[in-house]
Amino acid sequence: MALLFHTTPARLPIWQKLFAEAGEPFIAGEDAVTDPAEVTAIACWTPPDLSRYPNLRLVLSVGAGVDHLPALPQGVALARTLAPGIEAMVRDWVVMATLMLHRDMPLYIDQAGRGEWRTHPVRLSTSRRVGIMGMGRIGGLVAGSLQALGFDVAGLSRTGSTGTVPMFAASQRDAFLARSDLLICLLPLTPETRGILNAETLAKLPAGAGLIHAGRGAHLDAQALRAALDAGHLSAAMLDVTDPEPLPTEHWIWSDPRIIVTPHIAAQTDALEGARHALTVMQALRQGAPIPGLVDQARGY
Ligand code: GLV
C-alpha cells in the first residue's frame with residue numbers, strides 16, 4: 001500500500017521527507033515502481049496510465065480542481081488537495097482583481113500606455129455590488145475579505161444556503177446577476193457549469209459591469225465577452241483562466257485593453273501543504289476513515 005508521486009519533480013524532496021518521517025510508503029515517480037501492485041494511490045496533475053496499477057484505490061489531484069482528470073476506473077476514488085495556501089492565494093488574486101476593476105485599472109493602464117493623464121469618477125466600495133458564483137471554501141473566504149473592504153457582496157449557490165453573505169439560490173440567478181456590478185466566477189467546471197458565462201448570462205449583468213474569472217476557461221464564451229465589451233455593456237474583465245491554456249500569443253484577448261489576463265497563477269499548491277494533505281489522505285485510506293477532499297465523481301466536485 002503506497003502512494004505513487006507523479007507530479008512536479010521540484011516538490012519531490014519535500015514529499016519524500018515528510019512521508020519518510022511519517023513511515024508512510026512512498027514511491028518517488030514511475031521509474032521507482034518495482035511492483036505496480038504496491039501502488040494504491042497516485043498523486044498527480046496529469047495522471048500516468050492507470051491501467052498499470054491493479055490495486056489502485058485513489059487518485060489525488062495535486063490542485064484544487066479535478067476537471068482535468070479523465071473518468072477513473074470503477075472503484076477508484078478521487079480526491080482534491082485541500083490546502084489553506086491554495087485558498088488564500090486565490091482569495092488574494094480575486095481581491096486584487098476586484099480592486100483593479102473597481103478602481104478602473106484596465107482603463108488607467110491603457111491611458112498610461114499613451115502617457116495620458118485623465119481622471120474618471122471614483123466610486124466608494126460600499127456602492128459596488130459584487131456577486132460570487134461558487135460559494136465553496138474559496139468563495140466564502142473571498143466574500144469575507146471583500147465585505148471587510150466594504151463591498152456589497154452576495155453569493156450564488158445551488159442550494160442557496162445561508163452563510164455570512166446574502167445568498168441567492170439557483171432559481172434566483174437572474175436577480176443575482178442583475179445586482180452584480182462585478183461578477184466573480186469561482187465555480188468548478190462540470191457539465192452544468194461549462195459555458196455558463198455566455199451571452200445570455202452577461203446580458204443580465206447591470207450596464208458597465210466587470211467580470212473576474214478564476215474558475216476554468218471553459219466556463220466562459222470569450223466571443224460573448226468580446227461582444228458585451230464592444231457593445232459597452234461590460235466595461236472590463238480580469239481572467240486568470242482561458243480556453244485554451246496557454247492562450248496563444250496571437251489571441252485577440254492579449255491585446256484587448258479592456259481585459260487583463262494572468263496565466264493561471266491565482267494559486268499554486270505549496271509543496272509542503274500539498275505533501276501534508278497527501279499524507280493525511282494516505283493515513284485515512286489506511287484507516288478506512290473519511291478521505292479529506294474526497295470528490296463526488298458524479299457531481300464533478
Ligand atoms: C488550479 O486551478 C487548481 O485547480 O489547483
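As the structure lists them, so they are numbered: ligands from 1, and atoms in each ligand from 1.
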Participant: Heavy atoms only: which of S61, A64, A267 is nearest to atom 5 (O) of ligand 1?
Facilitator: A64
Participant: Which of the numbered atoms in ligand 1 are under 4.0 angstrom from any heavy atom belonging to G63?
Facilitator: 5 (O)
Participant: By number and element, which atoms of ligand 1 are closer than 4.0 Å to a non-hydrogen atom of R216?
Facilitator: 1 (C), 2 (O), 3 (C), 4 (O)
Participant: Evaluate the ring planes of W45 and H68, with Trp represented by its six-membered ring, and classify them as parallel (under 30°), tilted (30 to 60°) or perpendicular (over 60°).
Facilitator: parallel
Participant: In terms of ring plane angle, is the pair W15 and F5 parallel, tilted or perpendicular, where the classes change at 30° and 60°?
Facilitator: perpendicular
Participant: Who gets closest to atom 1 (C) of ligand 1 by heavy atom: H264, E245, Q268?
Facilitator: H264
Participant: Tell me whether the NZ or CZ atom of R299 lies within the 45° cone about the ring axis of Y301 and under 6.0 Å from its centre.
Facilitator: yes
Participant: If the threshold is 4.0 Å, N to carboxylate O, is there a salt bridge linking D243 and R194?
Facilitator: no
